[in-house]
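Questions regarding the structure given below will be posed in turn.
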Amino acid sequence: MDLKDELLKSIWYAFTALDLEQSGKVSKSQLKVLSYNLYTVLNIPHDPKILEDHFRDDNDGPVSSHGYMPYLNKYILDKVQEGHFVKENFHELCWTLTAKKNYTPSGSQGLISETSAFKLWCLFNFLSEDKYPLVMVCEEGYMWKKGNVRRNWNERWFVLKPSKLDYYLNEDLKEKKGEIHLDMDSSVEMLPDKEGKRCLFCVKTVNRTYELSASDMKRRQEWMDSIMAAIWILAENKSSMHKVHKERRREQRRQAAARLLEKKAQEDALAELQAEREAQLAQLEQLRQAQEEAEHLWRTKELHWMTQHEELQQKLQMELQKARTDKLQMQLVMEQKEQEAGAQRHRIRELETMQRGLERALRAEIEAHTNEQTVRSAQARLLQEEEEKLKELMMLRREQQDISRQEERQQQQQLTNKAQALQQAMEQLRESRQRNKQDLAMAEQTRRRASQHVKHWSVQLNRLMQPIVPGAAQNQPKSDIQSHRGGGAFIPKEIAVRRTEQHKMVPNPDCEERPGSDSEDYENMAEYIKNVSLTEANVIP
């Protein structure tokens with residue numbers, strides 16, 4: 001029999017003995033004293049605050065056996081341990097409470113002595129049912145019942161019996177108002193609150209459904225459990241729980257006897273195996289000693305290996321930390337190099353753009369110089385032709401002076417024709433010279449624009465040329481410019497050399513001799529030819 005069930009039977013008699021009014025409930029003050037005494041005799045450590053809080057006075061009134069069982073199981077029966085208390089003291093405590101109600105000696109000594117009655121009580125508890133409760137306790141109390149005809153609610157005093165539930169007008173049981181017959185087909189169900197009534201449940205029978213209302217939820221659960229227990233007894237066709245547990249104990253004794261025989265057989269088999277076991281133990285002892293020596297050797301080697309492993313791990317950790325530091329530094333250097341490379345690529349693209357613009361400007365300047373040279377060459381040829389014509393005119397003047405008066409009339413007409421032709425040629429030369437002068441002015445203007453354009457690109461190039469040295473791109477002077485071509489896209493020295501070579505290819509027109517005196521002679525000769533033409537026109541009749 002389980003220790004918890006054995007203790008519960010004696011506690012049940014003590015609880016019943018405290019119910020002097022036989023209402024199925026015990027006051028909280030009495031239960032608090034009973035719980036404290038149980039803590040003491042069962043040697044269970046407890047918290048007085050929990051005991052006071054659980055059984056403090058409030059409006060709920062006395063506590064039934066169902067209400068006391070949760071506390072009894074949680075704080076007493078679940079904590080009790082076999083061998084930590086004296087059972088005689090525990091049973092004596094419960095008997096002290098029970099004897100006041102159930103033991104009344106007759107005469108001076110009675111039928112049996114109080115000691116004998118105590119021993120008989122203990123024996124009865126040991127042989128009685130091993131499950132709480134020992135018998136079904138009839139519930140009784142006030143509840144509200146809903147009428148069948150008028151459907152109104154009336155307060156009645158209910159008394160639960162094994163096969164029926166009687167209800168009276170009041171608790172004096174003088175005027176019985178009816179009864180609810182219970183059978184195996186009856187059932188109990190919980191109902192929701194309605195019509196201002198709380199804690200509702202119903203009892204369903206074959207003929208009718210009875211609606212009832214308890215005082216609180218706890219009381220409703222107690223009534224439902226009691227009614228369902230009565231229905232279960234009827235359904236199992238048993239008058240009480242005693243026979244059920246009796247049959248169970250008989251089956252347990254039979255199983256215990258079978259287990260005893262089986263245990264004896266197992267002991268015999270174990271006795272036969274004991275000799276073999278002892279021999280094996282000797283061998284195992286030798287193996288154990290060898291294993292201990294091997295384990296000792298293994299632990300020594302393992303300790304040595306672990307020491308080496310820890311040293312190697314520390315070394316690897318330091319190398320790993322150093323590698324991480326080097327990696328971070330390398331990443332920083334690579335990021336800086338990448339930024340500098342980006343700046344260099346951007347600078348190179350700008351310098352290449354400037355180079356292409358400067359080359360176009362140089363080509364334009366060379367073309368302007370070439371055009372200007374062509375114009376100046378054409379002007380020189382015209383001046384040479386004018387000089388030759390002027391020489392021819394001077395020769396004609398000398399010839400005219402040498403001609404005699406006799407031949408004057410004969411050659412005058414020829415001279416006049418030549419002078420007119422020469423004058424026309426001089427006019428044409430003057431117009432060509434004027435056009436050539438305009439072309440020369442336009443060529444000079446184009447050359448000046450080309451020179452200004454070259455100068456502009458040179459200024460832009462010098463402004464963009466910055467040092468491209470890693471780590472010091474913004475701190476080097478312009479004279480230290482270095483690039484992928486050695487000295488930048490075009491350094492000033494290279495530009496100067498290229499421009500010098502281009503000027504060698506095209507002669508500078510500013511250095512040529514301008515025929516200032518010949519121009520004056522040309523103008524004087526033109527004036528002379530004009531005068532001669534007018535004189536001959538006056539002479540000819």
Side-chain angles (χ1 to χ4, degrees), residues 1-44 46 55 62-69 71-73 75-77 79-140 161-162 238-250 252-253 256:
M1 184 168 50
D2 185 64
L3 176 64
K4 180 178 178 180
D5 295 334
E6 181 181 356
L7 299 178
L8 186 59
K9 289 185 292 184
S10 298
I11 295 173
W12 171 248
Y13 276 104
F15 180 88
T16 306
L18 294 176
D19 184 13
L20 300 178
E21 298 179 357
Q22 297 183 357
S23 62
K25 293 185 178 181
V26 179
S27 65
K28 290 185 176 181
S29 59
Q30 292 177 323
L31 289 179
K32 182 167 65 174
V33 174
L34 175 62
S35 301
Y36 182 80
N37 291 326
L38 290 175
Y39 282 129
T40 303
V41 296
L42 294 175
N43 196 17
I44 299 174
H46 68 285
F55 294 107
V63 180
S64 65
S65 59
H66 293 281
Y68 183 59
M69 280 303 297
Y71 178 85
L72 183 64
N73 288 323
Y75 294 101
I76 298 178
L77 297 179
K79 295 182 179 181
V80 68
Q81 296 182 6
E82 182 76 30
H84 285 69
F85 67 98
V86 180
K87 289 186 178 181
E88 288 77 5
N89 296 337
F90 166 75
H91 290 299
E92 186 176 359
L93 170 66
C94 296
W95 168 251
T96 302
L97 298 175
T98 305
K100 295 179 181 180
K101 180 180 179 181
N102 298 321
Y103 174 72
T104 305
S106 60
S108 58
Q109 294 183 351
L111 183 62
I112 57 176
S113 64
E114 186 175 357
T115 304
S116 301
F118 170 66
K119 293 180 180 179
L120 183 62
W121 180 77
C122 293
L123 181 62
F124 175 77
N125 286 340
F126 182 76
L127 297 177
S128 62
E129 295 94 330
D130 57 354
K131 185 175 181 181
Y132 172 83
L134 302 179
V135 294
M136 186 182 72
V137 179
C138 295
E139 289 284 351
E140 59 182 9
K161 297 181 179 180
K238 297 176 181 178
S239 58
S240 67
M241 301 287 292
H242 178 75
K243 293 182 179 180
V244 176
H245 295 298
K246 183 178 180 180
E247 294 294 333
R248 183 181 300 173
R249 287 194 302 275
R250 182 179 300 170
Q252 289 176 354
R253 286 193 297 271

Could you tell me which non-hydrogen atom of Tyr75 sits nearest to which non-hydrogen atom of Ile44, and how far apart they are?
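For Tyr75 and Ile44, the tightest heavy-atom pair comes out as O-CG2, 4.2 Å.
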Got a second to check how far Ile11's CD1 is from Leu72's CG, nearest 0.5 Å?
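Rounded to the nearest 0.5 Å, the CD1-CG separation comes to 4.5 Å.
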For Thr98 and Ala14, work out which heavy atoms get closest and say how close.
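Result for this residue pair: OG1-N, 3.8 Å.
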Pairwise distance SG(Cys94) to CH2(Trp121) - rounded to 0.5 angstrom:
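With rounding to 0.5 Å, SG (Cys94) is 5.0 Å from CH2 (Trp121).
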Could you pull out all residues at least two apart from Ser116 that satisfy side-chain hydrogen bond (donor to acceptor under 3.5 Å, both in side chains)?
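With neighbours one apart ignored, the set is Ser113.
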Lys4, NZ: over 12 other non-hydrogen atoms inside 6.0 angstrom:
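More than 12 heavy atoms, drawn from other residues, nucleotides or ligands, come within 6.0 Å of this atom.
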Quick one: sort the Phe118 and Trp95 rings into parallel, tilted or perpendicular, breaks at 30° and 60°.
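Phe118 vs Trp95 ring planes: tilted.
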With rounding to the nearest 0.5 angstrom, report the CD to SG distance, Glu6 to Cys122.
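Interatomic distance, Glu6 CD to Cys122 SG, rounded to 0.5 Å: 9.5 Å.
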Any chance you could measure Glu82, atom CD, to Lys87, atom NZ, to the nearest 0.5 Å?
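Going from the CD atom of Glu82 to the NZ atom of Lys87 covers 4.5 Å.
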Contacts of type ring-ring contact (aromatic ring centres under 6.0 Å, His included), residue Phe85, not counting sequence neighbours:
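For Phe85, no residue satisfies ring-ring contact (aromatic ring centres under 6.0 Å, His included) once neighbours in sequence are set aside.
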For residues Leu77 and Val80, report the shortest heavy-atom separation together with the two atoms involved.
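In this case the closest contact between Leu77 and Val80 is O-CG1, 3.1 Å.
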Using side-chain hydrogen bond (donor to acceptor under 3.5 Å, both in side chains) as the criterion, list what pairs up with Gln81, not counting sequence neighbours.
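Testing Gln81 for side-chain hydrogen bond (donor to acceptor under 3.5 Å, both in side chains), a comparison that skips the adjacent residues, returns His84.
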Distance (rounded to the nearest 0.5 Å) between Leu42 CG and Asn37 CG
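Output value for this atom pair is 10.5 Å.
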Ring geometry between Phe15 and Trp12 (parallel below 30°, tilted from 30 to 60°, perpendicular above 60°):
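Rings of Trp12 and Phe15: parallel, under 30°.
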Mind checking whether Leu34 and Val26 have side chains closer than 4.5 Å, heavy atoms only?
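Answer no - side chains too far apart.
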From CA spacing to verdict: side chain to side chain contact (heavy atoms under 4.5 Å, CB included), Glu92, Val86:
CA-CA 10 Å; Glu92 186 176 359; Val86 180; over 6 Å; no
